[in-house]
Amino acid sequence: MGYVKGLKCRECARPYPTKPLHVCEFCFGPLEVDYDYEAIGRIVNRRAIEAGPPNIWRYRPLLPIEGEAVVGRYCGFTPLVRARNLGKALGLTNLYVKNDTVNHPTLSFKDRVVAVAVIKALEFGFPVVACASTGNLANSVAAHAAEGGLTSFVFIPADLEQGKVLGTSIYASNVVAVEGTYDEVNRLCSEVADKYGWAFVNINIRPYYAEGSKTFGYEIAEQLGWRAPDHIIVPAAGGSLITKVWKGLQEFHRLGLLPTVSTRMHVAQAAGCGPIVNAVKAGSEVIRPVKQPRTIAKSLAIGNPADGYYAFKVVKDSGGTGEHATDDEIVECMKMLAATEGIFAETAGGVTLAATRKLVQQGVIGRDDVTVISVTGNGLKTQEAVAGALRVPTSIKPSLTSFDAALAQLPPVSGGSGPPRDS
Ligand SMILES: *Cc1c(COP(=O)(O)O)cnc(C)c1O
Ligand SMILES: [Zn+2]
């Protein structure tokens, strides 16, 4: 059993039953899951959470499922990496990377939302799960559908990275490549959802799906020793993750798990598709859609973000800001994260690091502030982005003389002093 009271309209607060609904019939506002926080408060405390499993289900009372976690049992509780090398490079003494490049099973934060959504689809009795995806969602829906014995239909823009396409097809999913932008894919999917009655995780069961993202924020706070950081930088596509990380911190505060939350939430997007950052910079709550996204950060290329307005509000309410990243900066920062911390992030990680670097340069993030960079996906899925920008392997004959000659051409060997430590 769960602690869900039902759904509630974010705009007019009208209540709805726990059904596959997503928009308010009266004001067209988005619906959100509503919990019985009093009952949750009676069973949830730090010790109870710490005694839970090392995955998102340690926060089970705060997630909208009724029965067992029948799929996605190993998702979450990814490392919060103390990033000393990267901190040194940026001039920060308290830097962390929340590393969802190693989230189970499909190596992005999307497993958090899909684990919840697919369980919910099973609870509602849907035979088919589906999604409109910029890539990572496709991988995750296909994998969880396979695990749950459901048929999956995955709709993607036709120009996605090879790794994202292959990493979906492997699960025997029905992959539909649509010649169009993500927004066109999404519009089509709304019609397919209506006509065929399938569970589109990010459309008709979106209120449940989105709750999974809260765990990204819960984990950051718990892994920092039950403390909210000063800054979290979050990449945004539809704007759901940043909204839900904030909601998660607020819930922890409400439940007495965090004494204070004064975290400033910063949004990161690509320069070629940054409608939320554009709004933040303009100081206007009107999100102007980007018609033709142009960026190598395809996972973030949503021109008309469903939760853009709420993401904007979170940034404003928390005292945060936003920054863009150009394609060159994305590649440079993917390499920088790998070279400093040994973390190979996808393009979205490059976006987030590039934005963070700008916020440090602008003085928004102070030297000793506790700062968390959200790294949400794995670089092996977006190899095209960096393929032409890396040193090629040194080719030699299988002989020591050939190696000696090659070595003379390489940069001198240095290092050996080990990683920096806190003094
Ligand atoms: C989907 C995605 C995001 C953004 O998520 P939203 O909730 O749509 O804002 C960030 N990073 C990666 C790698 C993603 O796949
Ligand atoms: Zn309403």
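The figures here come from the full heavy-atom set of this structure, side chains too, leaving out hydrogens, waters and symmetry mates. Counting convention: from 1, in listed order, for ligands and their atoms alike.
Between the side chains of Y96 and Q223, no donor-acceptor pair is found at a separation under 3.5 Å.
Put simply, the residue from L160, N136, V165, T347 that forms a side-chain contact (heavy atoms from CB on, under 4.5 Å) with K381 is N136. Residue W198 forms a ring pair (Phe, Tyr, Trp, His ring centres under 6.0 Å) with just one option from F155, F126, F153, and that option is F153.
Note: an N/O pair closer than 3.5 Å links L241 and ligand 1 by distance alone. Taking any N or O of A237, backbone or side chain, at least one lies under 3.5 Å from an N or O belonging to ligand 1. Backbone and side-chain nitrogen or oxygen atoms of N136 are examined, and one is located within less than 3.5 angstrom of a nitrogen or oxygen of ligand 1. Residue G238 places at least one N or O, backbone or side chain, under 3.5 Å from an N or O of ligand 1. On a distance-only criterion, E346 and ligand 1 share no N/O pair closer than 3.5 Å. An N or O contact shorter than 3.5 Å is missing between S299 and ligand 1 by distance.
The pair K281-E323 meets the salt-bridge criterion, with a side-chain N (NZ, NE, NH1 or NH2) lying under 4.0 Å from an Asp/Glu carboxylate O.
From the protein, the heavy atom lying nearest to atom 14 (C) of ligand 1 is K110 NZ, 2.9 Å. Nearest protein heavy-atom contact of atom 12 (C) of ligand 1 is T376 OG1, 3.3 Å. The shortest contact between atom 10 (C) of ligand 1 and any protein heavy atom is with L300 CD2, 3.4 Å.
In the vicinity of S240, heavy-atom distances shorter than 4.0 Å reach the ligand 1 atoms 6 (P), 7 (O), 9 (O). Residue G239 has at least one heavy-atom neighbour below 4.0 Å for each of these atoms of ligand 1: 6 (P), 8 (O), 9 (O).
Counting all heavy atoms, side chain and backbone alike, G238 lies closest to R206 at O-NH2, 4.5 Å. Nearest heavy atom pair, residue V267 against residue A236, reads CG2-CB, 3.5 Å. What you find for F312 and A279 is that their closest heavy atoms are CE1-O, 3.6 Å.
With hydrogens and angles ignored, the 3.5 Å screen pairs no side-chain donor or acceptor of E179 with any backbone N or O of A158.
The closest approach between any non-hydrogen atom of A236 and ligand 1 is below 4.0 Å.
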